[in-house]
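Quick caveat, the model's predicted, so the values are computed rather than measured. Chain naming here is simple, since letters A, B, ... match the order of the sequence lines and numbering starts at 1 in each.
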2 protein chains.
Amino acid sequence: MRKGTSEDVRRENLTAVLRALMVGGDMSRADLGRLTGRNRSTVASLVSDLAGLGLVDEQDPVTDGTVGRPSHGVALSSSVAAFAVHPEVDALTVAIVGLDAQVRRKVRHEFDRIPTMAEVVHLASTVMAAMGAEESGFRMTGIGVAVPGLVRTVDGLVRNAPHLQWREEPLGASLAEATSLPVHVANDAQLGALAERDYGAGRGVSHFVYINGGASGIGGAIVAGGDLLGGAHGYAGELGHTPVSGSDRVDNVGIPGSLEAEVTREELLSLLGPDHMDPESFDSALLADRSDAVAAAVARHQRHLAIALGTVVNVLNPERILLGGFLASLLAYNPQGLRTALEARALAPAMEGVDIVSAQLGANLLLVGAAHRALEPLVDDPASMSGARTD
Amino acid sequence: MRKGTSEDVRRENLTAVLRALMVGGDMSRADLGRLTGRNRSTVASLVSDLAGLGLVDEQDPVTDGTVGRPSHGVALSSSVAAFAVHPEVDALTVAIVGLDAQVRRKVRHEFDRIPTMAEVVHLASTVMAAMGAEESGFRMTGIGVAVPGLVRTVDGLVRNAPHLQWREEPLGASLAEATSLPVHVANDAQLGALAERDYGAGRGVSHFVYINGGASGIGGAIVAGGDLLGGAHGYAGELGHTPVSGSDRVDNVGIPGSLEAEVTREELLSLLGPDHMDPESFDSALLADRSDAVAAAVARHQRHLAIALGTVVNVLNPERILLGGFLASLLAYNPQGLRTALEARALAPAMEGVDIVSAQLGANLLLVGAAHRALEPLVDDPASMSGARTD
DNA sequence: CAGCATTTGTTCGTTTCCGCGACTAATGCG
DNA sequence: CGCATTAGTCGCGGAAACGAACAAATGCTG
């Protein structure tokens, strides 16, 4: 759309082929042609270009049992990848994730106290250097960082990450300086939504809302028209602070009666007994406990969640709502209960055909989302992969 | 983006030229080249094509006092236009609006009772036929209809327009059948937002929220990334049903404590005295009355509005909020009051740099929005204007 | 197993459309 | 009145996609 020359057509076609492979997996050149609507000769030329750039590998023709000449296989290169970095209160995860969304390497470092940004930058860059990605044949395009908090996406400034106790920390700039790689920092829920869109419960859905409930609170992200809705500076999607009651309970930014103030994992956990529990155990423990106390608490939580979701449905008219973390457990406990509560709060036409489902992706969700964020510029302009820049 | 051939480049370039003229007004061919970044010869060819299609008029070169050869002027054709139809409880407005957003003809018919859909269709098609648009040299591309209610945009089915007491009315299909013209039906606030985006307080702003307060309630629309956010079926933007209090007051769809239940023009009007008042009189009457009763009511209304806007800011991270109708009066009464109340409810980073302004466009706002919605397909594919179809 | 239909790869000519350069035209300025 | 500046016009070249013609590789059928 920018210049309007024929090279843009080429770029768009290269991107279309790459995207087809990313969502559809490896396939034959003929399939690629059908999927992208391009001509045989065009596809051949495009694939040849991409192979030359090292982004895909052309394989020998394989017969698949049908008549006709077998078509060459085309596979995403297993060497093109990006780093994913995910700092949490108790650990830092660094991974190498390929263009095919496979997690190739993964290192987790536990902290005994909340890390500072400088510590995270230092540790992450050390780990990335130690991984020897280039020596192992990976061609790294950049670094994607998933941060539990508000991030100014343009420069990766972490505005406020309450759980990490970070405020106005220049994470993007620091990490870029330490590694000399392009760095993309974003909110964790947003990156999770991207991963769900491409490989999870959001596949093929162009309007959906993702809401994740964790120990630290509730985060969300919006996909509209197939694109992540970031807003003016990337702060969009903060559904946790939506008002759901007139109570005085405040969330961690001081907003009273908000979703995050009323719906907490902590409260449910206290009813179940143990002080700590990993997400899977929490889910099964909650679903197993049908006591009155738990049922009442779940009902109240569902009611509050439904009010927030009602706003979401009325304002955004999504076709699907993805619930992650303990919000998925809340749904599973009584799916119809949540739906009924929501229907009382949403405009009937907007509510029609809205799916409420659990998010699909598990542990690697954020790593895939973060890495793919870093791979995005390459996918949008494959020709930029010229010299396999290894600096 | 679809096929990936060189004809797409042509189409995009034609669109770019047309859009430049729409937002920038008539200009010289040289300016057009600078604005669109295209080459001199390319612009000449594009303009020549558009002139051949009858979409622009090429004028004689005019000297503007600067050195160098004068450039040809290019003006949007004054004959290309669309119908705008706007049914309200007490009147039906039909207009002819040009590509240049000028309202060329306007007919308003008053009702003595709430009209049915069939009556509106019948009257609108009669009026449009009587206007003799084709005979007057207009080339009409379609009909845009602004409806105060929920509209399924794909086929123009009015799902629920409470004030008109319409439910499940096939307005789009009926009007298309009666007129044999392409019909585009949409929510009035959405069309107003489009007009504000192109010609009003939303110019050059790619993320904004438009909220309009009228006698019938509160409607809204969202522009994200420069595009109207319609959601899955076009129902998005319903900000009036956002929860703002724990009270039991319900709005017209039964949602308690919603913005529309708590913030009403009616309530303010009752404090000012008269039973009926046109918007302009209401605005000046409200701003003139600094009594304690009014001040307290305004403060309460502002507080509730701020809660809804807080949700909007947190979820959408807009760069501007446009207030229309009596919500603009509410803002003007005490701009700082609203802003302060909002800042208590919004995440500080998301709130940074958010403008809160009044909508700019007046009476013709919806007519321009509706007609331009009908002109959009033409702008997106100028070459489709082949035979100046007059059926 | 030999021919045939089917499907795909390959090559090459055609078409479209943009940019560029050379030349011409029209203006203001000194 | 010449010169600099700016824009229109025309022709050429390059990029890229498509389609046609041909070759290659497979399954199917008699």
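- We find that CG of B/L14 is positioned 13 Å from C1' of C/dT16, with the value rounded to whole Å.
- In plain terms, the two heavy atoms of B/A374 and B/I143 that are nearest each other are CB-C, 3.6 Å.
- Remark: P of C/dC18 and CG of A/D8 are 11 Å apart, rounded to the nearest angstrom.
- Distances shown here put a side-chain N or O of B/R29 below 4.0 Å from the OP1 or OP2 atom of D/dG8.
- Taking side-chain N and O atoms only, A/N13 has no distance below 4.0 Å to OP1 or OP2 of D/dA16.
- Note: CE (B/M27) to P (D/dA7) measures 14 Å, nearest angstrom.
- Nearer the 5' end of DNA chain D, as judged by each residue's closest nucleotide, is the contact made by B/S41, out of A/S45 and B/S41.
- Residue A/H72 contributes atom NE2, which lies 6 Å from atom P of C/dG9 at whole-angstrom precision.
- Listed pair A/R34 / C/dT7 fails the phosphate criterion, with no side-chain N or O lying under 4.0 Å from OP1 or OP2.
- With sequence neighbours excluded, the residues that form a side chain to side chain donor-acceptor pair (under 3.5 Å) with A/R29 are A/E58.
- With sequence neighbours excluded, the residues that form a side-chain contact (heavy atoms from CB on, under 4.5 Å) with A/S206 are A/E319.
- Residue A/A30 is in sugar-phosphate contact alone, with no base atom involved, counting any heavy-atom pair closer than 4.0 Å across all strands shown.
- One finds no side-chain N or O of A/S71 lying less than 4.0 angstrom from the OP1 or OP2 phosphate oxygen of C/dT8.
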For nucleotides 24-28 of chain D, give me every protein contact, N/O to N/O, under 3.5 Å, one pair per line with atom names.
| from | atom 1 | to | atom 2 | distance (Å) |
| --- | --- | --- | --- | --- |
| D/dA24 | O4' | A/R69 | NH1 | 3.3 |
| D/dA25 | N3 | A/R69 | N | 3.3 |
| D/dT26 | O2 | A/G68 | N | 3.2 |

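- Looking at B/S78 and B/R104, their side chains never bring a donor and an acceptor atom within 3.5 Å of each other.
- A/H184 meets the ring pair (Phe, Tyr, Trp, His ring centres under 6.0 Å) test with no other residue; sequence neighbours excluded.
- Residue B/R11 contributes atom CZ, which lies 16 Å from atom C1' of C/dC18 at whole-angstrom precision.
- Residue contacts shown for B/R40 include a base, since a base heavy atom lies under 4.0 Å away.
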Tabulate below the donor-acceptor pairs under 3.5 Å that side-chain atoms of residues 50-57 of chain A make, not counting sequence neighbours, or state none.
none

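- Taking atom CD on A/E12 and atom P on D/dA15, their separation rounds to 19 Å, with Å as the unit.
- For the ring pair (Phe, Tyr, Trp, His ring centres under 6.0 Å) test, residues two or more places apart in sequence or in another chain that qualify with B/Y199 are B/H372.
- Put simply, CG on A/D64 is 12 Å from P on C/dT7, counting in whole angstrom units.
- At whole-Å resolution of the value, CZ in A/R38 and P in D/dG19 are 13 Å apart.
- The side chain of A/N39 contributes an N or O atom lying less than 4.0 Å from OP1 or OP2 of D/dG19.
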